Amino acid sequence: MNRNTLDFIQSCIATIPDYPKPGIIFRDVTSLVEHPQGFHQTIELLKEHYQSMSFDKVVGTEARGFIFGAPLAYALQLGFIPVRKPGKLPRSVLEQSYQLEYGEDCLQMHCDAIKPGDKVLVVDDLLATGGTVEATIKMIREAGGIVEHAAFVISLPDLGGEERLTAMGVKVLKLVDFPGH
Ligand SMILES: O=P(O)(O)OC[C@H]1O[C@H](OP(=O)(O)OP(=O)(O)O)[C@H](O)[C@@H]1O
Ligand SMILES: Nc1ncnc2[nH]cnc12
């Protein structure tokens, strides 16, 4: 991947100290997607990385995973499956609770969204502890899907998410690292 493009993407991400709680350094992708070139180049880089691989579906996690997952699915000409916070999906769901860097939450996915044997690319904006995407992968695997790749715009490497996903047999792509947290 082109270093200048990655540096440009990193430069578009705003940093907000002590949000949403004291001690958290918030890396804000809204400033990236507000920038037309920042948004476009982010999706283009992800598309170029994955277009030679074979996937059946892209899964993205609410809410910020939708911002990148849906346009990437479109660019790869794949269907997009939203994983949502509880009570938002109308059909039967699978469910997983998980820990966040700053709290606890639960995610749901439609039972019939993934067919046994589907090859799934998981997308989120940011990898911190890995709890969100671990819960997402567990639901996809429970439905019979195959997850070998997960893509993030941002990684916070000191929080251990990459090691956690690697231990699940998942290859992690992240465009920018922000050491410290
Ligand atoms: O690797 P983890 O420790 O799980 O943290 C990363 C997750 O946290 C944020 O989502 P959040 O739950 O704040 O929800 P949002 O996307 O709705 O803002 C972010 O968008 C990732 O999904
Ligand atoms: N430090 C952080 N910045 C932005 N989103 C996050 N999600 C979890 N940790 C985060």
Side-chain angles (χ1 to χ4, degrees), residues 6 9-35 38-39 42-43 45-46 57-73 80-89 93-110 113-114 120-142 145 147-181:
L6 294 171
I9 288 169
Q10 185 148 12
S11 75
C12 291
I13 298 166
T15 292
I16 297 98
D18 298 321
Y19 180 87
K21 289 184 179 172
I24 302 288
I25 303 170
F26 195 84
R27 308 296 182 176
D28 180 17
V29 291
T30 67
S31 56
L32 171 64
V33 297
E34 281 166 14
H35 195 306
F39 191 22
T42 300
I43 300 301
L45 277 187
L46 294 171
K57 281 157 189 167
V58 175
V59 167
T61 50
E62 184 170 355
R64 286 175 264 155
F66 298 174
I67 297 173
F68 300 99
L72 180 60
F80 177 72
I81 314 296
V83 163
R84 298 211 61 182
K85 307 277 164 75
K88 302 284 188 181
L89 292 170
V93 292
L94 297 169
E95 184 170 285
Q96 275 288 331
S97 7
Y98 64 105
Q99 296 287 329
L100 274 179
E101 187 188 0
Y102 40 78
E104 190 180 86
D105 219 330
C106 175
L107 288 172
Q108 296 181 336
M109 183 183 77
H110 276 137
I114 301 292
V120 179
L121 172 61
V122 176
V123 179
D124 205 350
D125 69 320
L126 180 144
L127 177 61
T129 66
T132 304
V133 164
E134 181 184 70
T136 299
I137 292 169
K138 282 183 183 167
M139 285 188 288
I140 297 167
R141 288 181 173 169
E142 196 180 330
V147 185
E148 292 175 345
H149 295 271
F152 303 87
V153 178
I154 300 170
S155 170
L156 309 181
D158 298 345
L159 293 175
E162 185 162 353
E163 291 75 8
R164 195 165 168 181
L165 299 187
T166 302
M168 298 177 81
V170 174
K171 290 188 189 65
V172 171
L173 172 72
K174 67 273 171 80
L175 301 186
V176 300
D177 272 327
F178 284 100
H181 53 91

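Counting convention: from 1, in listed order, for ligands and their atoms alike. Owing to the predicted nature of the structure, the values given are computational and were not obtained by experimental measurement.
Shortest non-hydrogen contact noted between Phe80 and Ala70 is CE1-N, 3.5 Å. The two residues Pro157 and Phe178 make their nearest non-hydrogen contact at CD-O, 3.4 Å.
Contacts with ligand 2 closer than 4.0 Å are made by side-chain heavy atoms of Leu156 only, the backbone lying farther away.
Ligand 1 has a nitrogen or oxygen under 3.5 angstrom from a nitrogen or oxygen of Thr129. For ligand 1, the polar-atom distance check against Leu126 finds no nitrogen or oxygen pair separated by under 3.5 Å. Residue-to-ligand polar distances keep Val133 apart from ligand 1: every N/O pair is separated by 3.5 Å or more. For ligand 1, the polar-atom distance check against Asp105 finds no nitrogen or oxygen pair separated by under 3.5 Å. Checked against a 3.5 angstrom limit, the closest N/O atoms of Ala128 and ligand 2 fall outside it. Any N or O atom pair closer than 3.5 Å counts here, and Gly65 shares no such pair with ligand 1.
Every residue meeting the salt bridge (Lys or Arg N to Asp or Glu O under 4.0 Å) condition with Asp125, not counting sequence neighbours, appears here in chain and number order: Arg64. Under the side chain to side chain donor-acceptor pair (under 3.5 Å) criterion, Gln10 pairs with no residue, sequence neighbours left out.
At least one heavy atom of Gly130 sits less than 4.0 Å from an atom of ligand 1.
Numbered from 1 in the order shown, with element, the atoms of ligand 1 that lie under 4.0 Å from a heavy atom of Ala63 read 15 (P), 16 (O), 17 (O). Counting the atoms of ligand 2 from 1 in the order shown, those under 4.0 Å from a heavy atom of Ile25 are 1 (N), 2 (C), 3 (N). Of all the atoms in ligand 1, the ones that sit under 4.0 Å from a non-hydrogen atom of Lys85 are 12 (O), 14 (O), 15 (P), 17 (O).
Partner of Ile13 under the side-chain contact (heavy atoms from CB on, under 4.5 Å) criterion, out of Val33, Leu126, Leu32, Leu175: Leu32 alone. Between Asp124 and the options Val153, Val59, Ile154, Val133, a side-chain contact (heavy atoms from CB on, under 4.5 Å) holds for only Val133. Checking each of Val147, Ile81, Val122, Val120 against Thr136 for a side-chain contact (heavy atoms from CB on, under 4.5 Å) leaves exactly one that passes, namely Val122.
Ranked by closest heavy atom to atom 7 (C) of ligand 1, the top entry among Asp125, Leu127, Thr132 is Thr132.
Salt bridge absent: Glu62 and Lys88 never bring a charged side-chain N and a carboxylate O closer than 4.0 Å.
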